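Reminder, nothing fancy here: chain letters follow the sequence lines and each chain counts from 1. Since we're looking at a predicted model, the values are computed, not measured.
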There are 2 protein chains.
Amino acid sequence: MVKFDSGRATSQAVEDYLKAIYKLQSVTAPVTTSALAEKLGISAAAATKMLKQLDGMRLISYVPYHGANLTDAGRRIALEVIRHHRLIEQYLHQAMGYAWDQVDAEAEKLEHAISEEFEARIDELLGYPETCPHGDPIPRADGVLVDERLQTLGECAAGDWVRIERVRDTDPAVLRDLTQRQMGLHTQIFVSDRHSDNSLTILVAGTPHLVHEPISASVFVTPLTADQAPANHG
Amino acid sequence: MVKFDSGRATSQAVEDYLKAIYKLQSVTAPVTTSALAEKLGISAAAATKMLKQLDGMRLISYVPYHGANLTDAGRRIALEVIRHHRLIEQYLHQAMGYAWDQVDAEAEKLEHAISEEFEARIDELLGYPETCPHGDPIPRADGVLVDERLQTLGECAAGDWVRIERVRDTDPAVLRDLTQRQMGLHTQIFVSDRHSDNSLTILVAGTPHLVHEPISASVFVTPLTADQAPANHG
DNA sequence: TATCGAATTTAACCATGGTTAAATCTTACC
DNA sequence: GGTAAGATTTAACCATGGTTAAATTCGATA
Ligand SMILES: [Mn+2]
Ligand SMILES: [Mn+2]
Ligand SMILES: [Mn+2]
Ligand SMILES: [Mn+2]
């Protein structure tokens, strides 16, 4: 468990709440009771009670009926848990041969069980990686996280050359689908067509693929610069 | 968490109770409430309540005022947790460079957090090890454990040649002491003298050491056969 | 500006795993 | 075989984290 207040340990539940609030906050702040409850798969009543507790611990500031924001102390713990999660994912993938669709579930429990010693060791063994196997940045030990907002593949226009930088890590089926299409991290993609239902036709290593919304919304990309983009793509 | 009853998961508390009962049982059966409470560092009242619960789950058979014994189902879970613990210890030691006095504490938490997938992977990565870094046998995946009772170094007589096979893993200070004296697993030892306070003088790689009770009771040995024992030891 | 529906909180539960203090059982000993 | 000490259980709590159902609040809309 992560420590706070110079030494008091936080429970697994508190850690998962703070992590969820952190992630929801980047979409809409303050975080609503219902959004939190939905994300954690619990009742709104349970979320309300925990929000009051977390406010009492000074880990969030919570205004009844108006949602919550992390305090600095809460953000520190959230980032520590996210750091554990993504380091563990990368370790499972690189050092233990897990496929990228299997690491999230395993890391979800391990993130609460490892010591600072363990964290430091896997960080070193991996050569201080900057991202998890899904491309998400790993917060540094000092709590700094550089997290850029990227466009999704679904937001691309026909004619775009892009590179896969991140993928949503939640749905193993989507990740397996991407593996089958050879759409790993850093793969270059040409968007050949947009269709009326928002699906896309793309080229991956010369092979055309029809990509529907659930997939295209799960893939985050950056545009290729002129000198990176191949001249033709017949 | 370990599963039982074709799928229901056991809590960390239940797992630690079953493991403790398993270990106490090998010393005295049935296991008393006070022995269990002492081992787990909780009150006797808490132990009583949990014994009733475990009996209700059919994981132990418990007779009030007369102690508890594991059922087959309870033993299966205990061995599964011990397997996790010892495999994790060996992985921390062999694959991650942990010293043997640091692995027990880390494994104590991780043993409840890993999946069967994780267990199988570290087993394979380690080449199916038979013991933990302290020489304790690792239960097999099918629940079989061969556990011989060994004599302690403290029980040896002057003139004995012995080999270290196991060490008690609980006290990091003892383990560090053994490391400093070069008394790792499989080290050969000559017992040169027994003293009145039950301390011993031993030879380790030619160097004499004075060994007191807390150490000598933590080291388990087997006698060397005639052809293994060096002819002289001046 | 009053109202109504959705979001949220409160209330009353429950399970788990802990505590201390009081009651009760067992057993060894006289 | 009675008794007293020690072991054990019971009783009354507490904290955490969950549930459903009822009450309350907010804010968009008429
Ligand atoms: Mn988690
Ligand atoms: Mn990830
Ligand atoms: Mn444990
Ligand atoms: Mn061990």
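- Lys39(B) pairs by the side-chain hydrogen bond (donor to acceptor under 3.5 Å, both in side chains) definition with nothing, not counting sequence neighbours.
- The stretch residues 92-103 of chain B participates, sequence neighbours left out, in these salt bridge (charged side-chain N to carboxylate O under 4.0 Å, His left out) pairs: Asp101(B)-Arg176(B).
- Contact between the side-chain N/O atoms of Tyr17(B) and the OP1/OP2 oxygens of dG18(C) is found at a separation under 4.0 Å.
- Applying the side-chain hydrogen bond (donor to acceptor under 3.5 Å, both in side chains) test to Gln94(B) and every residue at least two apart in sequence or in another chain returns Gln90(B).
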Produce the list of close N/O pairs, under 3.5 Å, pairing protein atoms with atoms of nucleotides 20-25 of chain C; give distances to one decimal.
{"from": "dC25(C)", "atom 1": "O4'", "to": "Tyr65(B)", "atom 2": "OH", "distance (Å)": "3.4"}

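- By the side-chain hydrogen bond (donor to acceptor under 3.5 Å, both in side chains) test, Asp104(A) is found to be paired with His85(A), residues two or more places apart in sequence or in another chain being considered.
- The interatomic distance linking Leu51(A) (CG) with dG17(D) (C1') rounds to 13 Å, in whole Å.
- Rounded to whole angstrom, the span from the CE atom of Met57(A) across to the P atom of dA15(D) amounts to 13 Å.
- Nucleotide dG18(D) holds its C1' atom 14 Å from the CD atom of Gln12(A), rounded to whole Å.
- Gln53(B) places its CD atom 13 Å from the P atom of dT10(D), with the value rounded to the nearest Å.
- Remark: side-chain polar atoms of Arg86(A) are paired, donor with acceptor, to backbone N or O of Pro137(A) under 3.5 angstrom.
- Residue-level contact check: Lys52(A) touches the backbone only, with heavy atoms under 4.0 Å from sugar-phosphate atoms and none from bases.
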N/O donor-acceptor pairs under 3.5 Å from side chains in residues 44-65 of chain A, not counting sequence neighbours:
{"from": "Thr48(A)", "atom 1": "OG1", "to": "Ala44(A)", "atom 2": "O", "distance (Å)": "3.1"}
{"from": "Asp55(A)", "atom 1": "OD1", "to": "Tyr62(A)", "atom 2": "N", "distance (Å)": "2.7"}

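- Comparing Pro64(A) and Val14(A) by the nucleotide of DNA chain D whose heavy atom lies nearest to each, the residue mapping closer to the 5' end is Val14(A).
- Residue-environment remark: CD (Glu38(B)) stays at or below the threshold of 12 foreign heavy atoms within 6.0 Å.
- Not counting sequence neighbours, Gln25(A) has no partner by the side-chain hydrogen bond (donor to acceptor under 3.5 Å, both in side chains) test.
- Within residues 21-32 of chain B, the residues having any heavy atom under 4.0 Å from DNA chain D are, by residue number, Thr32(B).
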Pairs of donor and acceptor atoms involving the side chains of residues 123-131 of chain B, under 3.5 Å and at least two apart or interchain, shall be tabulated with distances.
{"from": "Asp123(B)", "atom 1": "OD2", "to": "Arg83(B)", "atom 2": "NH2", "distance (Å)": "3.1"}

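- Residue Thr48(A) places its side chain closer to dT9(C) than to any other of dG17(D), dT8(D), dT9(C).
- The CD1-P distance, from Ile42(B) to dC14(D), rounds to 21 Å in whole Å.
- Between Ser34(A) and dA6(C), a side-chain N or O to OP1/OP2 separation shorter than 4.0 Å is absent.
- If you measure from atom NZ of Lys49(A) to atom P of dG18(D), you get 9 Å, rounded to the nearest angstrom.
- Rounding to whole angstrom units, CG of residue Leu54(A) and C1' of dG18(D) are separated by 15 Å.
- Counting to the nearest Å, the C1' atom of dT10(D) and the CE atom of Met50(B) are 18 Å from each other.
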